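So the structure is just underneath, and the comments pick up after that.
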Amino acid sequence: MALIKGSVARNLNENNVTQAVIERFANTPDARLKVIMNALTRHLHEFAREVNLTEEEWYEGIKFLTATGHKCTDTRQEFILLSDTIGLSQLVCAQSNKRDQEATEQTVFGPFHIENAPKLANGADISGKRKGDPCYVNALIKSVADKPIANAQVDIWQADAEGFYDVQDPNWTPAKMELRAAFTSDARGAVTFRTIKPCAYPIPTDGPVGAMLKATNRHPMRPAHIHFMVHAPGFEKLITHIFVEGDEYLDSDAVFGVRSSCIGNYVRHAEGEPTPDGKKSTVPFYTLDYTFGMQPV
Ligand code: BEZ
Ligand code: FE
């Protein structure tokens, strides 16, 4: 039931309070903010009516969000984790990045990217001597029209064989960046580096998001992947991962980020075979060849 504009909003009930709140936003100068506040009010109120939210449950929700905020630090973003695990990040990512079929698909950013990763030359070893199976990556950056893109800026980051990013170490400082780097594609559009083959790993479960996953009987695992962020003038920025074919979590990613087109073929080679850098490996190793298709702006 609509309230008369300018009327005193009192004696409101669970139905007409929604319209009263929307009217209170009527003078919002920013048109987009007004749309967002109105829709947020309508959907949030409808949610509370639909589940007949009790005062105890509402207060539990407030406590949960408060704990989520308290868990955040410069290197831990529990709100992003919450958005990721309820599929909101994937929803926003999907609706914001509609691309040609030939373009590499965008997926969730995640909380572990760091600005100013070490700038390394092609062929560098980013493993920081962490244990794990050696993996030689040969990434080609091309336009959707199959033309090589030189001078693309390519950030790489991944977890170690235990499933941790460097920033998750409590003693981490920016001087200790490992399993992350920034490369520039060469004239062939190539970025090449040595790393370790990624493993499936759990997202951090020692906070409120972990408690939510436990209470809802959900696993926290992400399928193995390497993150890539590619900037090239004239093309849409690309944030994606390359997953590992055959990983058991591809269809149940805790953050809903898997795209079939971003599953890479990590090929196993026996010890003694020549490695892409022309040496002979004393241990088994993997190679990954993947071609990124960049969408023009
Ligand atoms: C990640 O892949 O790094 C990640 C993404 C979303 C949530 C947690 C981790
Ligand atoms: Fe990751």
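None of the values given here were measured: they were computed from a predicted structure. Note that ligands are numbered from 1 as they come in the structure, with each ligand's atoms numbered from 1 the same way.
Counted by atom type alone, Ser281 and His269 present zero donor-acceptor pairs between their side chains at under 3.5 Å. For Thr195 and Ser127, the side-chain atoms include no donor-acceptor pair closer than 3.5 Å. Donor-acceptor pairing under 3.5 Å is recorded for the side chains of Ser89 and Asp84. Side-chain contact annotation: His225 with His227, donor-acceptor N/O pair under 3.5 Å present.
Proximity of Phe109 to ligand 1, defined as any heavy-atom pair under 4.0 Å, is not found for any part of the residue. Looking at Val108 against ligand 1, nothing comes within 4.0 Å, counting heavy atoms.
For ligand 1, the polar-atom distance check finds no N/O of Asp84 at less than 3.5 Å from any of the ligand's N/O atoms.
Judged by the 6.0 Å distance and 45° axis criteria, Lys34 is not positioned over the aromatic ring of Phe25.
Atom 9 (C) of ligand 1 has Pro111 CD, 3.5 Å as its closest protein atom, hydrogens excluded (heavy atom only). From the protein, the heavy atom lying nearest to atom 1 (C) of ligand 1 is Tyr201 OH, 2.8 Å.
Residue-ligand proximity, His227 to ligand 1, at heavy-atom distances under 4.0 Å covers atoms 1 (C), 2 (O), 3 (O). Of all the atoms in ligand 1, the ones that sit under 4.0 Å from a non-hydrogen atom of Leu81 are 7 (C), 8 (C).
Distances from ligand 1 to the non-hydrogen atoms of Val255 include at least one value under 4.0 Å. Residue contacts with ligand 1 do not include Trp157, since none of its heavy atoms lies under 4.0 Å from the ligand. For Phe256, the heavy-atom gap to ligand 1 stays at 4.0 angstrom or more.
At distances below 3.5 Å, at least one donor-acceptor pair connects side-chain atoms of Arg218 with backbone N or O atoms of Thr85.
Here the protein contributes Tyr165 OH, Tyr201 OH, His225 NE2, His227 NE2 as N, O or S atoms under 2.8 Å from the Fe ion (ligand 2).
Between Arg222 and Asp247, no side-chain nitrogen of the basic residue sits less than 4.0 Å from a carboxylate oxygen of the acidic one, so the salt-bridge criterion is not met.
A salt bridge (Lys or Arg N to Asp or Glu O under 4.0 Å) with Arg130 is found for exactly one of Asp125, Asp169, Asp160, namely Asp160.
The aromatic rings of Phe112 and Tyr165 lie parallel to each other, with less than 30° between the two planes, well short of the 60° mark. Classified by interplanar angle (parallel below 30°, tilted 30° to 60°, perpendicular above 60°), the ring pair Phe193/Phe228 is tilted.
The structure places OG of Ser261 at 8.0 Å from CD1 of Ile242, a figure rounded to the nearest 0.5 Å.
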